[in-house]
Amino acid sequence: MTTIADRSTADLADLHVQARSAYDAFKARGLKLDMTRGKPAPEQLDLSNGMLALPGNGDYTTAAKEDARNYGGQQGLPELRALFSHLIDAPADQIVVGGNSSLALMHDTIVWALLKGVPGSERPWSQGETPIFLCPVPGYDRHFALCEEFGIRMIPVPMTGQGPDVDVVETLVADPAVKGMWCVPKYANPSGEIFSDETVRRLATMKTGAPDFRLFWDNAYAVHHLTTDRHPVRDILAACAEAGHPDRPFLYASTSKITLAGAGLAVFAGSPENTRWFLARAAKQTIGPDKLNQLRHVRFLRDAAGLQAHMDAHRALIAPKFAAVQEALDRHLAGTGAARWTRPEGGYFITVEAREGTATEVVRLAKEAGIALTPAGATSPYGRDPKDSVLRLAPTFPSLGDVTMAAEGIALCILLASLEAEHRARARSAA
């Protein structure tokens with residue numbers, strides 16, 4: 001197909017009429033579809049309904065013969081930490097199991113760093129220069145919101161297809177005000193890319209101006225595969241320890257998109273020193289976690305094989321939805337030059353890079369056609385995408401039928417916005 005930019009003015013006008021007609025027909029259907037958030041679908045949550053009867057009456061004794069109904073066990077059940085070592089790639093004795101939200105653990109970690117400092121800090125992060133976080137872009141809007149909440153300055157870092165551009169990172173971390181960096185190393189939100197071994201090695205070995213610099217390593221999608229490939233990522237804890245920076249990574253994960261999104265478990269892990277630091281801070285907050293929910297997860301997931309089988313069931317439900325989006329984008333946009341998009345092998349999102357200056361218009365057109373999309377700019381710090389081009393599509397929550405319809409409409413919106421942008425560009429050039 002001839003790209004939009006290479007078409008004659010007459011061809012461009014004909015294609016615009018066709019696209020506008022298709023869009024108007026879609027809009028006339030009066031649909032109401034939501035592709036905004038990466039939530040599990042009801043059918044995915046149903047996979048964990050068996051947990052609702054667990055651990056069951058009388059089943060409250062841990063593997064160590066302790067009563068899970070009582071206080072204590074701040075670090076989490078040893079049997080559960082052993083299971084989660086497969087999820088977060090950390091030794092069980094360096095894992096802490098928390099409540100239902102890894103975002104809450106990240107929040108607390110940042111607050112404690114600001115007020116108390118972390119191992120290696122000369123002073124709390126809130127004392128001295130305004131702390132800076134490096135933010136791979138496109139990235140996770142809730143990471144950025146945490147920084148905004150606490151006045152942490154954000155600097156965007158481009159992604160390369162192998163993770164963040166480490167050349168840029170190595171230059172920026174020379175500034176001692178740079179205290180942290182957000183990382184989603186596997187099936188990154190929202191680009192879906194996987195950090196290469198070389199990217200992990202360089203992040204582990206690089207010199208930093210701040211002795212207490214931290215990698216906030218969010219394993220949100222570590223087992224959320226869309227294919228039969230598992231795509232292992234190099235062990236960041238081991239890589240940093242080998243490089244002489246054992247305290248550099250803070251690791252996080254949760255079962256929010258594995259079991260029950262509102263009743264899951266969150267995980268923190270780090271070096272022995274970081275784990276001791278975390279537990280010392282958390283001890284002021286709670287006398288012990290919900291160990292019955294921890295037992296429930298042990299009984300349900302059982303072991304690494306049980307976890308993998310459960311995630312295979314998730315994949316069977318959501319992979320067709322991703323395929324439906326890819327099919328619509330391919331059919332309407334391939335060869336037009338109107339957009340590029342990712343083909344993730346895991347995670348919860350498809351990222352579309354539309355023509356520069358059109359993402360906001362695509363979101364507007366979609367809204368008028370009954371499709372709710374994540375706001376343009378959400379994948380950049382402060383909600384500002386300087387190119388106004390990135391769109392994040394979340395296919396997991398709607399039904400397959402709804403995803404298929406939404407994908408059709410989204411593709412039409414992208415095409416129409418690009419055609420109209422080309423028309424305006426030619427009009428300005430001719431003026």
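Computed from a prediction, not measured in an experiment: that's the story for all the values here. For the single chain, residues carry numbers from 1 onward in sequence order.
We find that K27 and D24 are not joined by a salt bridge, their nearest charged nitrogen and carboxylate oxygen being 4.0 Å or further apart. The pair E422-R7 does not count as a salt bridge, with every side-chain nitrogen at least 4.0 angstrom from each carboxylate oxygen. Taking the charged nitrogens against the carboxylate oxygens, R296 and D290 have no contact shorter than 4.0 Å, which rules out a salt bridge. A salt bridge links R230 and D312; the closest N-O separation between the charged side-chain nitrogens and carboxylate oxygens is under 4.0 Å. No salt bridge links R234 with E198; every basic N to acidic carboxylate O contact stays at or beyond 4.0 Å.
Ring centers of W125 and F150: at least 6.0 Å apart, outside the cut-off.
At a threshold of 4.5 Å between non-hydrogen side-chain atoms, the residues W182 and V137 do not count as touching. Two residues are said to be in side-chain contact when any heavy atoms from C-beta on lie closer than 4.5 Å; N219 and D89 fail this criterion. Considering only heavy atoms from C-beta on, V96 comes within 4.5 Å of L279 through its side chain. Side-chain atoms of V169 and P136, non-hydrogen and from C-beta on, never get closer than 4.5 Å to each other. A heavy-atom distance below 4.5 Å is not found between the side chains of H332 and C413. Counting only heavy atoms from C-beta outward, the side chains of L317 and L47 approach each other to under 4.5 Å. Taking the side chain as every heavy atom from C-beta outward, D141 and R392 approach each other to under 4.5 Å. Under the 4.5 Å side-chain criterion, counting only non-hydrogen atoms from C-beta, H107 is not in contact with S101.
Atom CG of D385 sits about 8.0 Å away from atom OG1 of T360, to the nearest 0.5 Å. Atom CG of N49 sits about 11.5 Å away from atom OG1 of T259, to the nearest 0.5 Å. Remark: T9 OG1 to D14 CG distance equals 11.0 Å, nearest 0.5 Å. Distance OH/Y23 to CG/L365: 4.5 Å, rounded to 0.5 Å. The distance from the CD1 atom of I410 to the CE atom of M35 is 4.0 Å, given to the nearest 0.5 Å. The distance from atom CD of Q326 to atom CG of L393, rounded to the nearest 0.5 Å, is 9.5 Å.
Shortest non-hydrogen contact noted between L237 and D235 is N-OD1, 3.0 Å. Smallest separation of non-hydrogen atoms from I95 and A269: CG1-CB, 4.0 Å. The nearest pair of heavy atoms linking F300 to M51 is CG-CG, 3.3 Å. Of all the heavy atoms in Q294 and L265, the pair that sits closest is CA-CD1, 3.9 Å. Listed here is the closest heavy atom pair of V233 and P185: CG2-O, 3.8 Å. The two residues T199 and P164 make their nearest non-hydrogen contact at CG2-CD, 4.0 Å.
Among the candidates W112, F84, F216, Y252, the single residue satisfying the ring-ring contact (aromatic ring centres under 6.0 Å, His included) test with F268 is Y252. For the side chain to side chain contact (heavy atoms under 4.5 Å, CB included) with L391, the qualifying choice from T379, T374, V352 is V352, the only one to do so. The side chain to side chain contact (heavy atoms under 4.5 Å, CB included) test with F195 is passed by exactly one of V184, V200, I236: V200.
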> Could you walk me through whether N293 and H297 pass the side chain to side chain contact (heavy atoms under 4.5 Å, CB included) check?
Replying inline: CA-CA 6 Å; N293 195 24; H297 279 75; 3.4 Å; yes
> Yes or no on side chain to side chain contact (heavy atoms under 4.5 Å, CB included) for R426 and L12, after CA distance, side-chain angles and deciding distance?
Replying inline: CA-CA 11 Å; R426 293 189 187 189; L12 188 68; 3.9 Å; yes
> Where do R340 and E353 land on the salt bridge (Lys or Arg N to Asp or Glu O under 4.0 Å) test, with the steps shown first?
Replying inline: CA-CA 5 Å; R340 299 181 299 174; E353 186 179 348; 2.6 Å; yes
>> Using side chain to side chain contact (heavy atoms under 4.5 Å, CB included), reason through V173 and L134 one step at a time and then give a plain yes or no.
In response: CA-CA 8 Å; V173 295; L134 306 185; 3.7 Å; yes
> Going through the distances and angles, do V111 and L114 end up as a side chain to side chain contact (heavy atoms under 4.5 Å, CB included)?
Replying inline: CA-CA 5 Å; V111 170; L114 289 168; 5.5 Å; no
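In this structure, R202 contributes its side chain and E170 its backbone to no donor-acceptor pair below 3.5 Å. Judged purely by atom type and a 3.5 angstrom limit, H314 uses its side chain to pair as donor or acceptor with the backbone of I258. The main-chain N or O of E361 is never found under 3.5 Å from a side-chain atom of T358 such that the two would form a donor-acceptor pair. Checked by atom type and distance alone, the side chain of D388 never pairs as donor or acceptor with a backbone atom of A376 at under 3.5 Å. H310 places no side-chain N or O within donor-acceptor distance of the main-chain N or O of L301, the cut-off being under 3.5 Å. Between the side chain of E408 and the backbone N or O of M405 there is no donor-acceptor pair closer than 3.5 Å. The closest donor-acceptor contact from the side chain of T351 to the backbone of T342 lies at 3.5 Å or more, if one exists at all. In this structure a side-chain-to-backbone donor-acceptor pair under 3.5 Å is present from K186 to A222. Not a single donor-acceptor pair under 3.5 Å links the side chain of K257 to the backbone N or O of Y221. In this structure, the side chain of T404 engages the main chain of L400 through a donor-acceptor pair within 3.5 Å.
More than 12 heavy-atom neighbours from other residues, nucleotides or ligands sit within 6.0 angstrom of CD on Q127. Other residues, nucleotides and ligands place no more than 12 heavy atoms under 6.0 Å from the NZ atom of K207. Counting heavy atoms of neighbouring residues, nucleotides and ligands inside a 6.0 Å radius, atom CD of E327 exceeds 12 of them.
Between the side chains of N274 and R214, at least one donor N or O lies within less than 3.5 Å of an accepting N or O. For the 3.5 Å distance criterion, the side chains of D165 and T160 fail to qualify, holding no donor opposite an acceptor.
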